Protein chains: 2
Amino acid sequence: MEKIPELCHVDDALSILSGKWKPIILLHLLHKGTLRFNTLKRSVPGITQKMLTVQLRELEDEDIIRRVVFPEIPPKVEYSMTDYGRSLEPVLEAMHQWGTRHSLRKQEKKDC
Amino acid sequence: MEKIPELCHVDDALSILSGKWKPIILLHLLHKGTLRFNTLKRSVPGITQKMLTVQLRELEDEDIIRRVVFPEIPPKVEYSMTDYGRSLEPVLEAMHQWGTRHSLRKQEKKDC
DNA sequence: CAGCATCCAACCAGATACTG
DNA sequence: CAGTATCTGGTTGGATGCTG
């Protein structure tokens, strides 16, 4: 780990993953491969069209996901992880594992 | 990794680490052990007293850091990681490594 | 189907002033 | 020294309506 926190890059990773829906969107794409807009929307209960669009655009801008438009009627747009995006998997994995232990721990405390 | 993103715990980890100053505060405490309030403040350029207080309280509430008050004049308060807080180190490490590669990549793109 | 535009509420964070 | 209180501006997220 970097010895000088002034040069901290944790924030760089955080800025990619921050956004209310990004982790769950990424997990879906990692697990299920390629998904259409509405399929993704149904997979993320509670998200609005606008927010899904916004979050997808931000991830696309960072080259984390790929957006493929099929020039058809009705329109069809598919989203998938880029190879670069897949490099986030260990990070998400680490966060997921820690988060799981953390929520268990909180649960135990509540039970007391 | 959890197969059902509906039960995603990445957000749990994210909620702990989110907050403009938390990663750098945690890195300082991980590297330097125990720090007083003002020492920490000097270590995080740009942070205000209020924000430092708020972020420290939130981390303390989650049992990530320990706050020890010495009943002296002038007041002295020391902050350090809890054992539980240290369990976040692999997560921060993963994020740091990814973030470092990410910022290098962005740099390369800019150079083109 | 997959968006975009607009408007609005809530939250987050900063500046500043005051205190035991 | 290590805070708290208050005010304020900026950003984020949500509701709704419209479009190729």
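All chains are named by letter (A, B, ...) in the order of the sequence lines, taking the proteins before the strands, and each is independently numbered beginning at 1. Here the structure is a predicted model, which is why all the values come from computation and not from measurement.
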Between N or O atoms, less than 3.5 Å apart, protein on one side and nucleotides 3-13 of chain C on the other: list the pairs.
{"from": "C:dG3", "atom 1": "OP1", "to": "A:Arg57", "atom 2": "NH2", "distance (Å)": "3.2"}
{"from": "C:dG3", "atom 1": "OP1", "to": "A:Arg67", "atom 2": "NE", "distance (Å)": "3.4"}
{"from": "C:dG3", "atom 1": "OP1", "to": "A:Arg67", "atom 2": "NH2", "distance (Å)": "2.5"}
{"from": "C:dG3", "atom 1": "OP2", "to": "A:Tyr79", "atom 2": "OH", "distance (Å)": "2.5"}
{"from": "C:dG3", "atom 1": "N7", "to": "A:Gln49", "atom 2": "OE1", "distance (Å)": "3.2"}
{"from": "C:dG3", "atom 1": "O6", "to": "A:Gln49", "atom 2": "OE1", "distance (Å)": "3.4"}
{"from": "C:dC4", "atom 1": "OP1", "to": "A:Arg57", "atom 2": "NH2", "distance (Å)": "3.3"}
{"from": "C:dA13", "atom 1": "OP1", "to": "B:Lys20", "atom 2": "N", "distance (Å)": "3.3"}

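Rounded to whole Å, atom P of C:dC1 lies 15 Å from atom CG of A:Leu40. Here the P atom of nucleotide C:dC1 and the CG atom of A:Leu35 are 16 Å apart, to the nearest Å.
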request  = Could you walk me through whether A:Trp98 and B:Ile16 pass side-chain contact (heavy atoms from CB on, under 4.5 Å), step by step?
outcome  = CA-CA 11 Å; A:Trp98 190 90; B:Ile16 301 294; 3.7 Å; yes
query = Which is it for B:Val10 and A:Ile24 under the side-chain contact (heavy atoms from CB on, under 4.5 Å) test, yes or no, and what are the steps along the way?
reply = CA-CA 8 Å; B:Val10 173; A:Ile24 196 163; over 6 Å; no
request  = Test side-chain contact (heavy atoms from CB on, under 4.5 Å) on B:Phe37 and B:Leu56 and set out the steps.
outcome  = CA-CA 9 Å; B:Phe37 185 85; B:Leu56 287 171; 4.0 Å; yes
request  = For A:Leu14 and B:Leu14, run side-chain contact (heavy atoms from CB on, under 4.5 Å): C-alpha distance rounded to whole Å, both residues' side-chain angles, the deciding distance at 0.1 Å, then the answer.
outcome  = CA-CA 8 Å; A:Leu14 216 45; B:Leu14 215 46; 3.7 Å; yes
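Between A:Ile47 and A:Pro75, the residue anchored nearer the 5' end of DNA chain D, judged by the nucleotide with its closest heavy atom, is A:Ile47.
Using a 4.0 Å cut-off, some side-chain N or O of A:Arg36 falls inside it from OP1 or OP2 of C:dA2.
Remark: B:Gln97 pairs with B:Glu93, B:Arg101 by the side chain to side chain contact (heavy atoms under 4.5 Å, CB included) rule, at least two apart or across chains. For B:Glu58, the side chain to side chain contact (heavy atoms under 4.5 Å, CB included) partners are B:Lys22, B:Val54, not counting sequence neighbours.
Looking at A:His102, its side chain never comes within 3.5 Å of a backbone N or O of B:Asp12 through a donor-acceptor pair. A donor-acceptor distance shorter than 3.5 angstrom exists from the side chain of A:His28 to the backbone of A:Ser43, with no hydrogens or angles considered.
Hydrophobic cluster of B:Val68: the remaining members, joined at side-chain heavy-atom separations below 4.5 Å, are B:Phe70, listed by chain and number.
Connection of B:Val77 to B:Ile73 is not established within any shared hydrophobic cluster, with ILVMFWY side chains joined at heavy-atom distances below 4.5 Å, either directly or through further cluster members.
Between its two ends, the helix from C:dC1-D:dG20 to C:dG20-D:dC1 turns its axis by 50°, counting five pairs per end and rounding to 10 degrees.
Protein chain A contacts DNA chain D over a range whose 5' and 3' limits, counting nucleotides with an atom under 4.0 angstrom from a non-hydrogen atom, are D:dG13 to D:dG20.
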